[in-house]
Amino acid sequence: LRLPIILMAFTVDLLPPLAFLAVATLVAGTPLVESSDVRAAFLAVAEAYVIVRIVSAVARATFGASSARLRLLPVSDDAAHYLMAWVRRIAAVIVAGYAVSEFGSLFGMDTDTREAVLRLVSLLVHVILVVMVLQSRRSVAVWLSGTGQGFWGTLRHRLASAWHIYAITFIVAAWVIYAYEIRDGLAELIHFMLWTIVVALCARIADIVLVGALDRGFSVAHDGASHYVHIEERASHYHQPLRVLLRLTISASATVMLLQFWGIDVLGWFRQGELGGRLANSVITLLVTLGVAVALWETVNVAMQVYLDR
């Protein structure tokens, strides 16, 4: 029964601004407003007021009603008041900027100046959104973290710790796309953000699985009773270097994948005969040689220690 009540309340909220718009339109068509410039200015002010009221009504029906039963989204009273305050501010900035640009056009403002005013208004709106993200950083992080444990709980904690960075990046990029009129910019931005999130999640999953398996392997070898004490002691010295190497490998792989998805042909650098391919082969050969040398060195050391302990 909540939806019909919410729709009724929303309809009641819409009646005053729609009635005001109808009266303003009728007045603009009467002899009281003879000049076309005055009529256009009058209608611009009326439309600005109506837009603010309609936006407020939509926001109130969605999350800002005084009663929780009249909200579509299940938000707390404090969150509802906070969001409604910022929605009103954003609507006021947009409508004021629109009204200024319209009045400017009536009084001879050129197209470039009008576009500059609209870009400035857009910048103010995006700055407000960034401020909202920074102010709600902790509360949203707590909501995202939840109370779960385990693998998905860890992922949620990681997302909660960095969600504001993704949000601010998206907001700034959206303004750049609007200000510079980048063709298909929004679609490219969404593609960019989605692949960034996917690669970041995959890298984090690989880090949790592989590094966790490495840590568990060393902890089991260290805690369990074994006849190979010397081997375990020697191997424990390589625990941290292996963790660092594994994480560097995961980070490098994630970076290559990310650049590839962003449209930079990184894999082309590693083709046979290219500089990247030769460099990668040299690094792999160096690591294999170093690994074999360390294994032989440790084998000799363990054998000598076992011989001396007899």
Side-chain angles (χ1 to χ4, degrees), residues 126 129-130 133-134 137 140-141 143-146 148-219 238-292 294:
H126 285 79
L129 293 176
V130 171
V133 169
L134 293 176
R137 181 177 73 254
V140 174
W143 177 76
L144 287 174
S145 298
Q149 301 296 327
F151 176 77
W152 293 110
T154 303
L155 283 181
R156 291 184 63 177
H157 283 291
R158 292 291 180 178
L159 178 61
S161 64
W163 78 270
H164 58 286
I165 299 176
Y166 297 125
I168 292 174
T169 302
F170 186 86
I171 292 170
V172 173
W175 181 80
V176 171
I177 289 171
Y178 170 78
Y180 291 94
E181 299 179 354
I182 300 175
R183 184 177 180 181
D184 297 329
L186 184 59
E188 292 295 329
L189 175 61
I190 294 174
H191 177 269
F192 170 85
M193 294 297 294
L194 286 178
W195 278 118
T196 301
I197 294 172
V198 168
V199 172
L201 287 177
C202 290
R204 182 55 190 162
I205 292 171
D207 182 86
I208 293 172
V209 173
L210 298 179
V211 177
L214 180 67
D215 292 341
R216 285 192 297 272
F218 274 95
S219 63
Y238 298 96
H239 183 195
Q240 289 302 322
L242 285 175
R243 291 179 92 254
V244 172
L245 180 61
L246 187 57
R247 282 187 163 165
L248 285 176
T249 303
I250 293 172
S251 299
S253 302
T255 302
V256 170
M257 291 175 59
L258 201 57
L259 292 175
Q260 191 70 27
F261 287 132
W262 288 352
I264 303 174
D265 188 17
V266 181
L267 295 179
W269 301 348
F270 297 98
R271 292 193 183 100
Q272 191 68 26
E274 298 291 337
L275 176 61
R278 294 195 298 269
L279 181 61
N281 289 333
S282 301
V283 171
I284 293 173
T285 302
L286 178 62
L287 290 176
V288 171
T289 304
L290 184 61
V292 172
V294 170

Open item on the list: For Arg137, is there any backbone N or O sitting under 3.5 Å from a side-chain donor or acceptor partner on Trp163?
Closed with: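 Judged by distance alone, yes, a pair lies under 3.5 Å.
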
Could you tell me the separation between the [atom1] atom of [X] and the [atom2] atom of [Y], rounded to the nearest 0.5 Å?
X	Y	atom1	atom2	answer
Asp207	Leu246	CG	CG	7.5 Å
Asp215	Leu242	CG	CG	10.5 Å
Thr255	Leu248	OG1	CG	10.5 Å
Leu129	Trp175	CG	CH2	13.5 Å

Quick one, [X] and [Y] - any side-chain contact, counting heavy atoms below 4.5 Å?
X	Y	result
Val133	Val140	no
Cys202	Val198	yes
Val283	Leu287	yes
Val211	Arg247	yes

Open item on the list: Apply side-chain contact (heavy atoms from CB on, under 4.5 Å) to residues Thr169 and Thr196 and explain how you reach the verdict.
Closed with: CA-CA 11 Å; Thr169 302; Thr196 301; over 6 Å; no

Open item on the list: Checking Ser251 now: which residues fulfil side-chain contact (heavy atoms from CB on, under 4.5 Å) with it, not counting sequence neighbours?
Closed with: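 For Ser251 there are no side-chain contact (heavy atoms from CB on, under 4.5 Å) partners, ignoring immediate neighbours.
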
Task: Smallest separation among heavy atoms of Arg216 and Val209, with atom names - done: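 That would be NH2-O, 4.3 Å.
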
Task: Distance-minimising heavy-atom pair for Ser145 and Ala160 - done: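 Heavy atoms of Ser145 and Ala160 come nearest at OG-CB, 3.2 Å.
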
